[in-house]
There are 2 protein chains.
Amino acid sequence: MERFHPTLDDVALKAGVSRAQASRALRGDAGVNEAKRQQVQKAAAELGYRANAAARALASNRSSIVGVMIGEPMNPYHMEMASAISDELLRRGFDPAIQLGKVGQDMGLAETERLLNLRAEGAILIGTPHDLELLQQICARLPCVYLGSDVTHLGISCVLGDDEVGARAATDYLLGLGHRRVAHITGGGGAGAGGRRAGYRAAMEAAGLPALIHEGWFDLDGGRDGVNALMARPQRPTAIFCANDRIAIGAINQLRGLGYRVPEDVSVVGFDDSLDARSESLSLTSVHQPSGDFGRDTVALLEERLRSDGKDLPATARVVPVTLVRRGSSAPPVG
Amino acid sequence: MERFHPTLDDVALKAGVSRAQASRALRGDAGVNEAKRQQVQKAAAELGYRANAAARALASNRSSIVGVMIGEPMNPYHMEMASAISDELLRRGFDPAIQLGKVGQDMGLAETERLLNLRAEGAILIGTPHDLELLQQICARLPCVYLGSDVTHLGISCVLGDDEVGARAATDYLLGLGHRRVAHITGGGGAGAGGRRAGYRAAMEAAGLPALIHEGWFDLDGGRDGVNALMARPQRPTAIFCANDRIAIGAINQLRGLGYRVPEDVSVVGFDDSLDARSESLSLTSVHQPSGDFGRDTVALLEERLRSDGKDLPATARVVPVTLVRRGSSAPPVG
DNA sequence: CTGTTAGCGCTTTCAA
DNA sequence: TTGAAAGCGCTAACAG
């Protein structure tokens, strides 16, 4: 239970330099005799010195803290993003303050308050809040980058996957396999749902086929309801493009429950390429959103805004390329 | 972008009291004239004052930070626990420092270092690390409570569900429905897997039936492989008790993919009662582990240890009662 | 009940 | 390249 923590003075004393020099040496400041730097580092290591984050923040007036608000912690893909972002923040010397959202509830002012108390330098918002009013209130108090959809029209910088291109690729792929009745279960008003709907629409239109849309929502039950509705139509689809993997998983489950085989009777394609999609159990064809790239871009964008300090940069949207990954849940139609 | 932050001096000045009194008033210390307290609070509110967490930590020598290490962020049930714990910490005035584990990788010294830098008062470990050596190293440096299985023999306090009773209840329930060939897909060496295996064994033995165990692991693919193996046996099971919901989901999916109906041909029961289990899509019968209770017990246990300060309390195990929730994935056997 | 006085452990001028 | 000195914003004795 490391109760005693050596201070910088202890290190300085042991290394035979002043506290100021010890501080510089440890932080890699220029202007320190290389030999002394070694001495200081050695002394620090021997004492098991670890800088007190609070003292450092107070003295330097820089907390290094960046809030990470996770809208849906129960959505594994959100967590994959969060994980990538957290790693990237750490790599760049920031200290992530992760906040977990509640089911069916936007994150909001309470979380922002906490970040303000911590003197967070900025925040990254993963698909939350949905409420744009709230989003603007948060962004007015803290430099933010929003992840999931384009909100530049609100003056907010963001990073998003190329939803439209991804959706179009998925739909075109199904059409290319020979499917004609390709349906789409949407993510309703969720982050990215709009672009995916548009991409699907565009692909169907280009093929001269009618769009077959069921308005759903980003969850298992969205997929289940979508399948129930779509398969009850006189003209049953032979392929379904789902707005995310969770919908796709719910859809496959329901299809199989109804006695349809996947992919023999119905092909299913998802979006996100989450860990579950990649599992053998599902082997879900899906649009891959590279979480690593999202992490890097998001942090880079935030850092840029942080560095620009006061000067209001125009809101930027970074669009991350996405790619279709073909797996076992899709095949040409039979007959 | 709230660049300016009023300090306690600003508040004190405005309220016409000393800084010390302002501090006491704001923190709810006893020994402050009630009228003055009001004044101070009013002044603070008007100025938009928010205490600087770093300064407070430095001066009081109490960070209020508690680390929360999440072993499998991509496991929604882990996140449900984490969410409950985070809420409870906040409620009790702690500041959760959430750390996300990587797939297939224990959390370890690097994360501990970070907590030590933050001068965290303690840590809560959710199902990580698996490596007991590592676990002990972490707990030697920071007051910890482990969540998921009994590790009191290592001198570490922990909170866990009543795995054995839960597993027994699930198995007895299936037996009570009339099933004779009840199989179990285990969680391998994962947290809680041992108790669940034992509970299943005990129930089968009490019924005078042979145990039908497939050693799996806590993931979708564990369920898939388990089903493939079990359904290939000459004596196919008519019911499967899975060591967690993820296994159950993989199992159901695979069963349906193979053409079996659930629950008509095979009943499936899970463990955890995660959000997904409760969804209509799955309607999974499962052993409910109340995340709220886990959160409260875990934080209470940690707080107790924190208060006891130096005096080494003996390691305690808090066992949380669990209950079976019957849903659509289980039914009496046909024929 | 209240104010004064010291720091907490670090960074950062400012001179040397 | 170095050290001395002055705080960062707050809490916690200690007197009144």
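Predicted, not measured: the structure shown is a model, and the values here were computed from it. Convention: sequence-line order gives letters A, B, ...; per-chain numbering from 1.
Residue B:Asn61 is out of contact with every strand shown, counting any heavy-atom pair closer than 4.0 Å. Counting any heavy atom pair closer than 4.0 Å across all strands shown, A:Ala51 reaches sugar-phosphate atoms only and no base atom.
In this structure, CZ of B:Arg62 is placed 12 Å from P of D:dT11, rounded to the nearest angstrom. Remark: P of D:dT11 and CZ of B:Arg119 are 19 Å apart, rounded to the nearest angstrom. With rounding to whole Å, B:Arg27 atom CZ is found 11 Å from D:dA13 atom P. With rounding to whole Å, A:Leu8 atom CG is found 14 Å from D:dA4 atom P. One can place CG of B:Leu58 at 9 Å from C1' of D:dC8, the figure rounded to the nearest angstrom. Counting to the nearest Å, the P atom of D:dG3 and the CG atom of A:Asn33 are 10 Å from each other. Note: CZ (B:Arg19) to C1' (C:dC1) measures 18 Å, nearest angstrom. Between the CG atom of B:Asp9 and the C1' atom of C:dT5 there is a distance of 14 Å, given to the nearest Å.
Residues B:Met107 and B:Ile138 have side chains not in contact (no heavy-atom distance under 4.5 Å, counting atoms from C-beta outward). A heavy-atom distance below 4.5 Å is found between the side chains of B:Arg27 and B:Arg56.
Residue B:Ser18 places none of its side-chain N or O atoms closer than 4.0 Å to OP1 or OP2 of C:dT2.
The CD1 atom of B:Ile85 lies 5.0 Å from the CG atom of B:Leu147; values are rounded to the nearest 0.5 Å. Between the CZ atom of A:Arg91 and the CG atom of A:Leu89 there is a distance of 9.5 Å, given to the nearest 0.5 Å.
In the set D:dG9, C:dT11, D:dT2, the nucleotide with an atom closest to the side chain of A:Val32 is D:dT2. Closest to the side chain of A:Ala20, out of D:dC10, D:dA4, C:dG3, is D:dA4. Listed nucleotides: C:dT4, D:dT11, D:dT1. Nearest to the side chain of A:Gln21: D:dT1. For A:Lys36, counting side-chain heavy atoms from C-beta on, the closest listed nucleotide (D:dA12, D:dT2, C:dG3) is D:dT2. In this structure, the nucleotide among C:dG9, D:dC10, D:dA12 sitting nearest to the side chain of A:Thr7 is C:dG9.
For A:Arg141 and A:Glu113, the salt-bridge test passes: some basic side-chain N is under 4.0 Å from an acidic carboxylate O.
Where B:Gly31 and A:Pro6 each meet DNA chain C at their nearest nucleotide, the meeting point lying more 5' is that of B:Gly31.
A donor and an acceptor atom sit less than 3.5 Å apart, one in the side chain of A:Arg24 and one in the base of C:dT13.
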